[in-house]
Every structure is written in structure tokens, then in C-alpha cells.
Amino acid sequence: MLNSLMLEGVGPAERLDIEFKPRLNFLTGDNGLGKSFVLDIAWWSLTRTWARGVMAAPRLDARQSSIDYCYTGSAGPFAYKSRFDHQSQQWSVKQGRPAVPGVVIYAGVDGSFSVWDPARNYWKAEKEDTASPSRPRSFDFTPDEVWNGLLSSDGKTQLCNGLIHDWVLWQEGGKPAFDDLVKVLDALSPSGVEKLRPGQPMRVGDSVKEQPSLHMPYGQDVPLLHASAGMRRITALAYLLVWTWREHQLAHERYRVPQAREIIFLIDEIECHLHPQWQRRIVPALLNVMNALTGTRDVPVQLLAATHSPLVLTSVEPEFDRERDCIWDFDLIDGEVQAALYPYSRKGDVNAWLSSEVFNLKEPSSVPAEEALEQARAFLREVAATQQPLTTEQKQKLQDIDEKLRASLSDVDAFWIRWSQFREQQVGQACSG
């Protein structure tokens, strides 16, 4: 499990210190403040590879640049401070065998995935004169490669058949992997009623190639390629989970290496493409997905997720544990990016999260409604301070604000009811005067 990151002279912030919890870690804040960057650094710290092949470059104004990280692996805690060497344009790595952090999966917001498997991507010869087998440093999938397969960098070795081929092969062949896929799809479904269930393989257009399908709640099988963006994202994640874990099991037996003891999910914008119903369920589902896949609770899950969704944060309130879970809020303060551990407290609903320091909305409403509410509250304070009948100017102001509120608020909105009573009281006073 990843324990901490300390960045200096690299990324949007001059210095960034983050301590992670062993289960849920949410990264919140406005766009462009470094949440995705932290996920990239977390991936590199755990795997020694750069997701999508893009290395983090030091800040041009930095006198020195370093990445200090610590994680707990199979051999205990592993800590290292990597420094950037400007001559080689590389980050230093600690020589020798690092502790194995477990299986790491990084889901990008663009549909890309990166997978690091200690049984397949890490190898060290027992003897110095023994040639190490050729193994990829990690499995890096573009969105197309998730669906259609991944080749080695030299194009000679098929590393993954891809979702379309494997799904149909597993289903028609009655493979155990298909049973696992069904379980994971069920665990990641948007609700108890709307289940993700495989349909029968089918042809699409003039192609003779069989395509996987989903059996929709309305009774029809729809080719997966024609399913919604949210369904495709979740099915891709489900497939990568099943593929990764089964291949890990095979490599564990083939190479006689220890089986992974944990799995780490890095997910950028976990709510991307998901309906609100799904956003409320995706995090609890991910915590339980390994139970569905393995049938045991012996494989703990650590989640690092960047999110802009108050529904995601609301969904974890019943089980939020300050010892195991945390929220890191990224903010721009006096022109500098800072990340602070958010002092968690249960909000109770989505609106309370929207108006909290995490999302910084003054009102959980439209911009015109927010402006009208600000004007109305200021007007109420003004009238309360004078304790005098309304002037002609104030009457016109009341009418203007009333029209704005009427156009923005619901008839049963608590503030509108209060405002209506105030308005009627003022109109009554004006008539009696």
C-alpha cells in the first residue's frame, strides 16, 4: 500500500506532502491543480514506470527536484528519495530489489489503462550470469488496445487478446474466466435492479466477427460497442480486473513467485460517464470487487481516486473510517497550489458537500439563483438593521429580487417560503401605511 508522497520542485506545487490511508483516498479540487499528476507520480513510485510513457519533468524554476515516496510491500516498508538528474534527464531509482507493492491498476479518464503485475512485470535473475526473460515493464493500454488487444513493443508477442476476443472466447468456451467476469460485472452494476449481464455474442453489420453484448433491463441484447459510454467504461474495468487477476494467477504458478497480497486502484475521475445512480455505488463496489473475484476477503484494496463528484463522497459516508480513509483537497492559495487533508465530517446529503470547502459553491444551485440568493440575504440584513418601513427605492429593489428568486427557486424551496412570508409582510405594511 502506498503510504506517502513528498514532491519538491516537480508538478504544479513547489512542495507537496501527502500521506495516504490504507483504504480510501480521494483527491478533490478544481481542474488543473495536480490531482491527475499525483496519480501519475503514485503509479511511478509503485512501479518504476511512467503511465502512457510520459515522464514527469521538474519545474523550470526549481533549484532541486525530488520525489520522496514510501509504500508497504511484501517485504515490509520501502522508502526512497528520487532526484532528477539533468544530464541524463532521468529520475534516479534505488538499486536492488524493491518491495513488491502488489497488483497496481491505473484507469485513465480517457479510457486508457496501465497494469503492473509483480508476477509478470518484475523479474530478477537468481544468478548474475543468468539472462533475464524478456518481460514488459508494465502493460500500458490505449483505449483501443483494451478492446482489440495489446502487442509487445517489438510487435512480435501478443500480450493481451483484448476485451472483444477474450469475452467471446470465454463465453462460448465456458471458461472459468467468464464466470469471474459475470461476478465482477454484477458487483460493479449501477443498481440492484439494473444489472450488467452479458448477452449472447452477435455479429454487427457485415463483419463475421462475433461481438460481446449486454442484456439490457428492457429485455434486448445490445452489442457492447453500441452501449453507453458509462457501460463501456465499467465493462472495460471489469474485463481488465478479470484479465489481470487470472493472468497473475497463471504467472504465480508458472514462475513460482508469491501471490500478490493486495491490489491498488488508481482512478482518474472515477465518476466519468457514470449516471448519478452509478456514482453512488461505484466506490463501495470497487471495495467489494475482489471479494467477488476471489471469493475471500484476503485481498485488501487501496483506492486512490481523483473526483469532482459530491455523490461519490456522499456514497462513502456510512462506512467512512478516519483511520483508513481520507480526502485531500487541492486549492489555489495566494497563487500557489496547496493540498490539505480535509477534516472529514458527515454532511448528510449532496447539497451539503457542494457547499462545503471541498467544492466551494456558495449555493448548490444555478449561478442566477446563487446571485439572487446573495442579493436577497443582503436585503434582509439591510431591512433588519434599519427597522423602518421600506423606502420607494427599497420597494423597487424588493420587487426586482422577488422576480429573480421566482425565476430561480422552487415553490417549495425553504428560502423561497421564508422570502414569501417577508414579502407579504412588507406589502401588508405598505398597504396599512
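Here the side chain of R232 pairs a donor or acceptor atom with the backbone of A227 at under 3.5 angstrom. Counting only distance, with no hydrogens or angles, the side chain of S207 and the backbone of R203 share no donor-acceptor pair below 3.5 Å. When atom types are taken as modelled, the side chain of N288 and the backbone of N291 share no donor-acceptor pair closer than 3.5 angstrom. With hydrogens and angles disregarded, no donor-acceptor distance shorter than 3.5 Å links the side chain of E262 to the backbone of V103. Judged by distance alone, with hydrogens and angles left aside, the side-chain atoms of R48 form a donor-acceptor pair with the main-chain N or O of K94 at under 3.5 Å. Without hydrogens or angle criteria, S189 side chain to K195 main chain gives no donor-acceptor distance under 3.5 Å. Checked by atom type and distance alone, the side chain of R256 never pairs as donor or acceptor with a backbone atom of H252 at under 3.5 Å. At least one donor-acceptor pair closer than 3.5 Å links the side chain of Q158 to the backbone N or O of C160. Judged purely by atom type and a 3.5 angstrom limit, R324 has no side-chain atom pairing as donor or acceptor with the backbone of P22. A donor-acceptor pair under 3.5 Å links the side-chain atoms of D221 to the main chain of Q200, judged by distance alone.
Summarising the geometry of V10 relative to A57, their closest heavy-atom pair is CG2-O, 3.6 Å, with the distance given to 0.1 Å. Scanning both residues, S315 and P318, for their nearest heavy atoms gives O-CD, 3.6 Å. Smallest separation of non-hydrogen atoms from M231 and L196: CG-CD2, 4.2 Å. Closest of all the heavy-atom pairs between W116 and P101 is CZ3-CD, 3.7 Å. Listed here is the closest heavy atom pair of L354 and P310: CD2-CG, 3.6 Å. Between S36 and D268, the shortest heavy-atom contact is OG-OD2, 2.6 Å.
Among the candidates F178, W170, W167, the single residue satisfying the ring-ring contact (aromatic ring centres under 6.0 Å, His included) test with Y239 is W170. The side chain to side chain donor-acceptor pair (under 3.5 Å) test with H308 singles out one residue from D30, T28, N31, and that residue is N31.
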Evaluate side-chain contact (heavy atoms from CB on, under 4.5 Å) for E210 paired with V168, printing each intermediate quantity in order. CA-CA 7 Å; E210 296 284 331; V168 175; 3.9 Å; yes
For side chain to side chain donor-acceptor pair (under 3.5 Å), just list the numbers for S112 and D110, CA-CA rounded to whole Å, side-chain angles, deciding distance to a tenth of an Å, and then say yes or no. CA-CA 6 Å; S112 63; D110 61 350; 2.6 Å; yes
Just do the side chain to side chain donor-acceptor pair (under 3.5 Å) check on D117 and N121 with the steps written out, would you? CA-CA 5 Å; D117 180 352; N121 298 130; over 6 Å; no
Let me see the working for T47 and T49 under side chain to side chain donor-acceptor pair (under 3.5 Å), right down to the final yes or no. CA-CA 5 Å; T47 70; T49 70; 2.9 Å; yes
Do I105 and L266 pass the side-chain contact (heavy atoms from CB on, under 4.5 Å) test, and can you show the C-alpha distance, the side-chain angles, and the key distance before you say yes or no? CA-CA 6 Å; I105 297 179; L266 312 176; over 6 Å; no
I'd like to know whether L224 forms a side-chain contact (heavy atoms from CB on, under 4.5 Å) with L163, so could you lay out the CA-CA distance, the side-chain angles of the two residues, the decisive distance to 0.1 Å, and finally the verdict. CA-CA 10 Å; L224 190 53; L163 183 153; 3.5 Å; yes
Take W419 and D402, measure what side chain to side chain donor-acceptor pair (under 3.5 Å) needs, and give me the verdict at the end. CA-CA 8 Å; W419 173 265; D402 188 71; 2.8 Å; yes
Any chance you could lay out the side-chain contact (heavy atoms from CB on, under 4.5 Å) test for M1 and Y71, step after step, and finish with the verdict? CA-CA 5 Å; M1 301 299 185; Y71 64 81; over 6 Å; no
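Checked against a 6.0 Å centroid threshold, the rings of W243 and F139 count as neighbours. A centroid separation of less than 6.0 Å is found between the aromatic rings of H248 and W245. Between Y106 and W44, a ring centre-to-centre spacing not shorter than 6.0 Å is recorded.
Using a 4.0 Å cut-off between a side-chain N of Lys or Arg and a carboxylate O of Asp or Glu, K397 and E382 qualify as a salt bridge. Classification of K21 and E323 as a salt-bridged pair fails, no side-chain N sitting under 4.0 Å from a carboxylate O. At a threshold of 4.0 Å, the pair K404-E371 does not count as salt-bridged, since none of the basic side-chain nitrogens sits closer than that to a carboxylate oxygen. A salt bridge links R15 with E8: the distance from a Lys NZ or Arg NE/NH1/NH2 to an Asp or Glu carboxylate oxygen falls below 4.0 Å.
With a 4.5 Å cut-off on side-chain heavy atoms, P12 and L33 do not count as touching. Counting heavy atoms from C-beta on, the side chains of Q211 and I164 come closer than 4.5 Å. Here the side chains of R423 and L398 are in contact, with some heavy-atom distance below 4.5 Å. Side chains of T72 and F78 form no contact here, defined as non-hydrogen atoms less than 4.5 Å apart. Within the 4.5 Å cutoff, no side-chain heavy atoms of L304 are placed close to those of L27. Counting heavy atoms from C-beta on, the side chains of L151 and L159 never come closer than 4.5 Å. Annotation: side chain of W147 is in contact with side chain of L225 (closest heavy-atom distance under 4.5 Å). Taking the side chain as every heavy atom from C-beta outward, C326 and F20 never approach each other to under 4.5 Å.
Considering CD of Q279 and CG of L274, their distance stands at 6.0 Å, rounded to 0.5 Å. Here the NZ-CG distance, from K35 to D40, works out to 12.5 Å after rounding to the nearest 0.5 Å. Taking CD from E363 and CG from L373, the interatomic distance works out to 4.5 Å, rounded to the nearest 0.5 Å. Atom CG in L341 sits 10.0 Å away from atom CD1 in I18 (nearest 0.5 Å). Distance check, rounded to the nearest 0.5 Å: CD1 of I263 to CG of L241 gives 5.5 Å. The distance from atom CG of L313 to atom OH of Y344, rounded to the nearest 0.5 Å, is 8.5 Å.
For R59, the CZ atom sits in a packed shell: over 12 heavy atoms of surrounding residues, nucleotides or ligands are nearer than 6.0 Å. Summarising the local packing, CD of E19 is surrounded by 12 or fewer heavy atoms from other residues, nucleotides or ligands at distances under 6.0 Å. Shown here is R418, whose CZ atom has no more than 12 heavy atoms of other residues, nucleotides or ligands within 6.0 Å. Within a 6.0 Å sphere centred on CD of E319, other residues, nucleotides and ligands contribute 12 heavy atoms or fewer.
Listed by chain and residue number, R23, L24, F320, D321 satisfy the side chain to side chain contact (heavy atoms under 4.5 Å, CB included) test with D325 (two or more places apart in sequence, or in another chain).
A donor atom on one side chain and an acceptor atom on the other are found under 3.5 Å apart for S138 and D140. Using a 3.5 Å distance cut-off with no hydrogens or angles, the side chains of E271 and T307 do pair a donor with an acceptor.
For R120 and Y255, the positive end is not near the middle of the six-membered ring at less than 6.0 Å and at most 45° from its axis.
Taking the six-membered ring for Trp and thresholds of 30 and 60 degrees, Y69 and Y80 have ring planes more than 60 degrees apart, a perpendicular arrangement.
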